Each structure stands twice: as C-alpha cells, then as structure tokens.
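Heads up: the structure comes next, in structure tokens.
Proteins get letters first, then strands, A, B, ... in listed order; numbering begins at 1 in each. Worth saying up front: this structure is predicted, and the values here are computed from it rather than measured.
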Amino acid sequence: MADQLTTDAVSTIFHAEPPVDATVLQPTLQILNIKKIQAAANSMDRYRLIMSDGKHYLQAMLGTQLNNLVETNALTKNGLITLTQYATNVVQGRRLLIVLGATAAPGPADRIGQPTNVDDRTAENTEAKANPVAQQQQAAPQAAPQIQSARKVAAPAARGASNAARGGRAGGAQPSGPLYPIEGLSPYQNKWTIKARVAHKSDIKHYSNQRGEGKLFNVTFMDETGEIRATGFNEAVDNFYEVLQEGKVYFISRARVNIAKKQFSNVNNDYEIMFEQHTEIEPCEDESVPQVKYNFVPIENLASVEKDQTCDVLAVVKEVGELGQITAKNGRPFSKRDITLVDQSQWSVRLTLWGKQAEAFKSEGYPVIAFKGVKVGDFGGRSLSMFSSSSMTYNPDVGEAHSLRGWFDAEGTRVSYNTFNSAGMQGAAGANSIRPDEMKTIGQIKDENIGMSDKQEYFSTKATISFIKSESFSYPACPTCNKKVVEENDGWRCEKCDAVYPKPLHRYILNLSVMDHTGHVWITAFNEAAESLLGKTADELVEMKEADEGAFNNIIHTATGKTFTFSCSAKQDSYNDQMRIRYSVRRASPIDYKLEARALIKLIDEMQI
DNA sequence: CCCCCCCC
C-alpha cells in the first residue's frame with residue numbers, strides 16, 4: 001500500500017532548501033481530509049487539504065481553479081493526489097503549500113500508515129489569528145531563519161526550473177525571484193515575480209490632503225490563480241502608467257505586498273501590491289495567462305441583482321445623452337453622461353458615466369460594449385453607474401458579443417424595449433408589464449391569504465372579467481377633492497371644500513367578478529383602472545346610461561369576457577362586524593402577449609419533465 | 001500615501 005505514496009515527499013516539500021517544486025518532485029500523496037474554508041463575501045470557496053506520504057502529513061490550500069476536483073468528488077478522503085504544479089509560501093515562519101495543478105486517483109479504504117504532523121510547531125502557532133501584524137512579530141524569533149531562507153529562494157536553480165515550468169520568461173532583464181502564482185503572494189516574502197495580465201487600469205488620479213499633493217493609479221492583475229490590486233503613487237505613475245496596458249501580460253517583481261483594505265475594493269485578494277522605486281515591470285509575449293472573464297447579467301435580470309452590487313453587462317448603446325454637470329455632495333463639480341443600454345432580453349437600462357469617461361464618450365452607430373464591474377442602483381427601478389474600477393470594452397471578441405451584434409442589426413432597432421420603473425419596484429418591474437414576480441392565480445391569492453396581514457399587500461393576476469355590477473358603478477365626486485358630493489337645491493355640495501358646484505364629476509367604483517382556471521373573486525376598480533377596462537369615463541357612462549341604455553349595456557357587455565393583467569392591492573377591513581378582504585385594482589393592462597409568451601416559456605423551462 | 005464613485 002505505502003509504495004503508492006512518494007516516500008518522504010511531505011517533509012521534502014516542508015523543509016527542503018531551496019524549496020522544491022513540480023519540476024523536481026511530483027509526489028503522489030493520500031488525502032486525509034478535505035475542509036471547505038468559510039468563504040469571504042464575494043469570494044470563491046476555498047478548500048484545505050491534509051495530505052500524507054504515509055509518514056508525515058501537511059496542510060495545503062487547493063487553488064480555486066482546482067475546486068472542481070473536490071466538487072465533482074474526484075478528490076475524496078483517503079483518495080490519492082499527484083501534485084503536478086504547486087508553490088510553497090512561508091507564512092509566519094511556516095511553509096504553506098498551495099496546490100496549483102493535480103490529478104486524482106481512487107485510494108484505499110483507509111489511511112496508509114500512521115502519519116504524524118510534519119509541522120511540529122503547530123500547537124503553539126494556532127493562537128493569534130486575528131491580528132496579522134502582532135502575529136508576525138510574535139512569530140518573529142522562530143520565523144526569522146525561515147524567512148531569511150525563503151528570501152534565498154531566488155537561487156538560480158529554483159528560479160530556472162520554476163520559470164521553465166511556467167512557460168519561460170520573455171528574456172531581457174534579470175529576474176528578481178521565482179515565478180509565483182498571484183494566490184501565493186503575501187507580505188511575508190519579497191523575492192517574487194508574477195506573470196499577470198492587466199485586467200483593469202484606472203485613470204491617473206490627482207489628490208491633495210494634509211500630507212500634500214499627489215497622484216496615483218491602480219491596476220488589477222490576474223493570472224490563473226487569482227487577482228490582486230496594485231497601486232502606484234507619484235514617480236510610479238510616471239514610470240509605469242504608460243507601460244501597463246489593459247489586457248496585456250507582464251512580469252512584475254520587486255514590489256511591496258501589503259494587507260489590502262478590503263472595504264475599499266472589490267478585488268478578491270487579502271493583499272495588494274504597491275509599486276516602489278525599484279519595482280520592475282516587463283512586458284511578456286506569452287498569452288497563456290487567462291483573459292478577463294465576464295459574468296454577464298441580462299438587463300432583464302438586473303431586477304434581481306441587489307442594489308449597490310456590481311455586475312457585468314454586455315449591451316448595445318442605443319442612445320447617448322448630453323454631457324451634463326452636477327455638483328457632488330462634497331461640493332466638487334462632476335461631468336456626467338447617461339447612456340441607454342439594450343440587449344437581447346429586450347430590456348433597456350440607463351448607465352451613467354462620470355468625469356473624463358463621460359466627457360470622452362463617443363459612440364458611432366450602436367456599439368456593443370462589455371461593462372465589467374458596474375454598480376447597480378435603484379434609480380428609476382434599476383440603473384447602472386460606472387465605478388472607477390469598472391471597465392468598458394468596445395466590441396469585445398467574445399461569442400456573446402457577436403451574437404448580440406447580429407441580433408441587434410437584424411431586429412434590435414425595431415424592438416420596443418421594456419424599461420424598469422420605480423413605481424412599486426420590489427424585485428422586478430416593467431413599464432409595459434406588471435411585476436411578473438408577483439403574478440398569482442386567484443386560487444393562490446386565496447390559499448396564501450393575500451391581504452390577511454395588517455398591512456396592504458400587492459399582487460398581479462391575469463384574469464377574465466366574468467361579471468360587472470352595472471347598477472351602481474360610480475359616485476358623484478367633488479371636482480376639486482374627489483370626495484363624494486351631495487345634491488342640493490342649487491347644485492352639488494362638497495363638505496370638505498365647503499363649496500357648491502353646478503355639477504359633479506363622476507368617479508368609478510366599479511365592482512367586477514374576475515376569474516381564471518383556479519377560481520373567481522370580486523374586485524373593485526377605481527376611477528383610472530375602470531376607465532381602462534370600459535374605455536369611457538364615468539361621466540360619459542352616467543350620461544350614456546340615462547340617454548341610451550342599449551349603448552350603455554353594450555359597453556358593459558363588451559368588457560365582460562375580456563382578459564387583463566390586474567395589478568391589485570389587498571387589505572383587510574371590517575364590514576358589518578365581519579372581517580373581509582377588499583381587493584382593489586390599481587391598474588389594468590391588456591395582456592402583453594410577448595411578455596406573456598416569454599413568461600410561459602420560462603415556466604415550461606422550469607418544469608422537470 | 002487613495003479609498004471619492006457623486007445627480008435626478
């Protein structure tokens with residue numbers, strides 16, 4: 001059994017100087033345990049592995065790009081793992097293994113041998129997790145020798161091997177340390193090189209505070225293991241701003257790694273890079289580093305993205321607003337420009353550009369733009385806004401962009417787009433539709449006791465008018481305040497306004513029975529809603545009923561049997577000491593067959609047949 | 001060492 005495992009691999013990985021890597025040793029180990037680490041908000045799950053060579057075991061972190069090995073059960077407890085790519089990293093004087101490439105194989109039913117912890121200092125190191133600085137100082141006496149030796153990692157042999165394994169260096173300048181995965185960077189070592197793509201580059205920002213004036217810029221670097229934010233101040237701006245181009249790949253070395261202030265950035269890394277005087281950045285021709293990944297949200301689905309979250313949107317710029325000027329809370333003026341985006345979901349949304357981006361924005365025709373990391377707001381239901389960390393890529397070379405282009409050119413200019421609206425925006429809303437997420441059948445309205453709670457509740461239902469009460473459908477109202485007025489000798493008196501009017505304005509209180517396949521219910525349509533059901537004002541209908549009862553009946557008859565989407569409110573009240581629920585129609589819209597068809601398709605898709 | 005992300 002034990003011969004399946006690589007003898008002494010664990011202690012070699014943990015202790016060898018210089019550290020070994022996969023060009024020297026590709027060990028097969030047994031997995032003793034797999035633990036999911038509580039993921040921070042907006043970061044991926046991480047797995048911690050305990051791996052054994054039969055004699056010793058050690059802890060390792062699995063690179064997130066290998067999560068699928070765990071999630072598909074390829075890696076299991078007692079199973080075997082062969083490490084094909086890995087890095088070690090000294091943290092608090094302990095060497096931490098990060099697995100970057102591995103293959104899995106089934107293992108025996110039980111643990112092989114009686115391995116012991118390769119790290120005999122584990123017990124005393126389990127304290128003080130909260131404060132990395134204090135922890136570092138506390139660990140210093142023991143850590144010092146190992147940190148020292150970790151710096152020596154830049155030994156030519158290790159470097160050459162590591163570089164060869166990762167595709168080689170473009171040549172030129174003297175490298176400053178072994179090639180590290182971004183995931184392996186930490187403040188506890190300073191000799192490293194990363195090979196990374198610039199996923200985003202900010203504008204140059206000028207600032208002035210108590211300490212004086214300055215300028216800075218940020219970039220986000222990414223490689224196959226993760227991303228990290230880097231900042232350059234002042235001279236670093238002069239040295240590197242032009243060198244670093246969005247989308248290109250570089251070797252970066254001799255920069256500082258600090259603890260990131262997570263609250264200021266949505267880049268998924270506990271650390272960040274600070275460019276320094278001696279920082280070296282060289283372009284790299286190797287394109288094997290991953291491209292920026294997008295996770296596009298169809299505009300239609302923005303309703304379900306929480307306010308203040310960021311997301312990626314791929315859209316056509318349908319309209320470009322004028323450049324405007326606003327004054328921010330801090331009193332400073334800002335340029336802004338609103339543009340209107342549309343996509344194949346046939347929804348549109350407003351996006352706001354700020355500052356230089358707003359001033360410089362040009363759009364010829366209807367460009368397709370990929371927006372990365374835009375902020376979702378709730379103005380007008382849903383809106384988008386650029387952050388300084390957001391990026392905008394014209395006509396990106398991704399499949400979705402090509403199909404969007406094709407679709408828009410073929411039919412996108414003729415589509416009437418749904419727009420978000422703020423009225424009652426509680427999840428989703430459309431100008432031409434009624435909140436689709438609250439569609440209920442009449443059966444559901446009753447089963448779920450909609451309206452039985454203390455506060456008013458809202459729902460929409462698609463139903464057919466089965467009966468309209470035509471005896472009393474309106475009341476004489478005050479033209480000023482809509483309150484009921486009473487006829488007197490010389491006109492109509494409003495108590496509230498203390499005024500007499502020559503004639504009242506009739507307003508609807510139309511009671512109707514509506515039904516669907518699950519039941520029927522009585523609902524009340526007030527003035528505007530009833531007007532849209534009957535196509536006449538209450539005044540017109542009162543007059544018609546007196547003058548031509550046949551025409552009046554015809555109006556009622558025509559409406560009966562028609563189907564609408566009723567946007568309703570439900571509220572309890574008591575009537576003759578009896579509790580009942582009153583359903584009021586806030587709005588009645590004819591069925592939007594396009595939306596209806598789409599909703600039905602969605603329902604069919606959700607069915608598990 | 002920034003860290004604001006604005007308005008209607």
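- Among the protein residues, E213(A) comes within range of no part of the nucleic acid, since none of its heavy atoms lies under 4.0 Å from any strand.
- A donor-acceptor distance shorter than 3.5 angstrom exists from the side chain of D223(A) to the backbone of G226(A), with no hydrogens or angles considered.
- For S388(A) against dC5(B), a side-chain-to-base donor-acceptor contact under 3.5 Å is present.
- When the nucleotides dC7(B), dC6(B), dC5(B) are ranked by their closest atom to the side chain of A328(A), dC6(B) comes out on top.
- Side-chain contact between V257(A) and W192(A): present, with at least one pair of heavy atoms (C-beta onward) separated by less than 4.5 Å.
- Between N209(A) and dC1(B) there is no side-chain polar atom (N or O) within less than 4.0 angstrom of OP1 or OP2.
- For the ring-ring contact (aromatic ring centres under 6.0 Å, His included) condition, the pairs that include at least one residue of residues 280-331 of chain A, sequence neighbours left out, are Y294(A)-F296(A).
- The CZ atom of F334(A) sits 16 Å away from the C1' atom of dC8(B) (whole-angstrom rounding).
- Across dC7(B), dC5(B), dC1(B), the shortest atom-to-atom separation from the side chain of M274(A) is found for dC1(B).
- Rounded to whole Å, atom P of dC8(B) lies 19 Å from atom CG of L384(A).
- Nucleotide dC5(B) holds its C1' atom 14 Å from the NZ atom of K356(A), rounded to whole Å.
- Computed from coordinates, the L353(A) CG to dC4(B) P distance equals 22 Å when rounded to whole Å.
- Here K261(A) reaches the OP1 or OP2 of dC1(B): one of its side-chain N or O atoms lies under 4.0 Å away.
- Between the CG atom of L351(A) and the P atom of dC6(B) there is a distance of 12 Å, rounded to whole Å.
- Nucleic acid contact class of T352(A) (heavy atoms, under 4.0 Å, all strands): base.
- Rounded to whole Å, atom P of dC1(B) lies 11 Å from atom CG of L216(A).
- For the pair F217(A) CZ and dC4(B) C1', the computed distance is 19 Å after rounding to whole Å.
- On a pure distance criterion of 3.5 Å, a polar donor-acceptor pair joins the side chain of Y207(A) and the base of dC1(B).
- Q325(A) places its CD atom 14 Å from the P atom of dC8(B), with the value rounded to the nearest Å.
- Regarding contacts with the backbone of dC8(B), every side-chain N or O of K336(A) stays at 4.0 angstrom or more from both OP1 and OP2.
- Nucleic acid contact for R350(A): base, since at least one base atom lies under 4.0 Å from a heavy atom of the residue.
- The shortest side-chain heavy-atom distance between I281(A) and L244(A) falls under the 4.5 Å cut-off.
- Checked against the 6.0 Å centroid criterion, the rings of W347(A) and F420(A) qualify as a close aromatic pair.
- With dC4(B), dC2(B), dC7(B) as the candidates, the nucleotide lying closest to the side chain of F264(A) is dC4(B).
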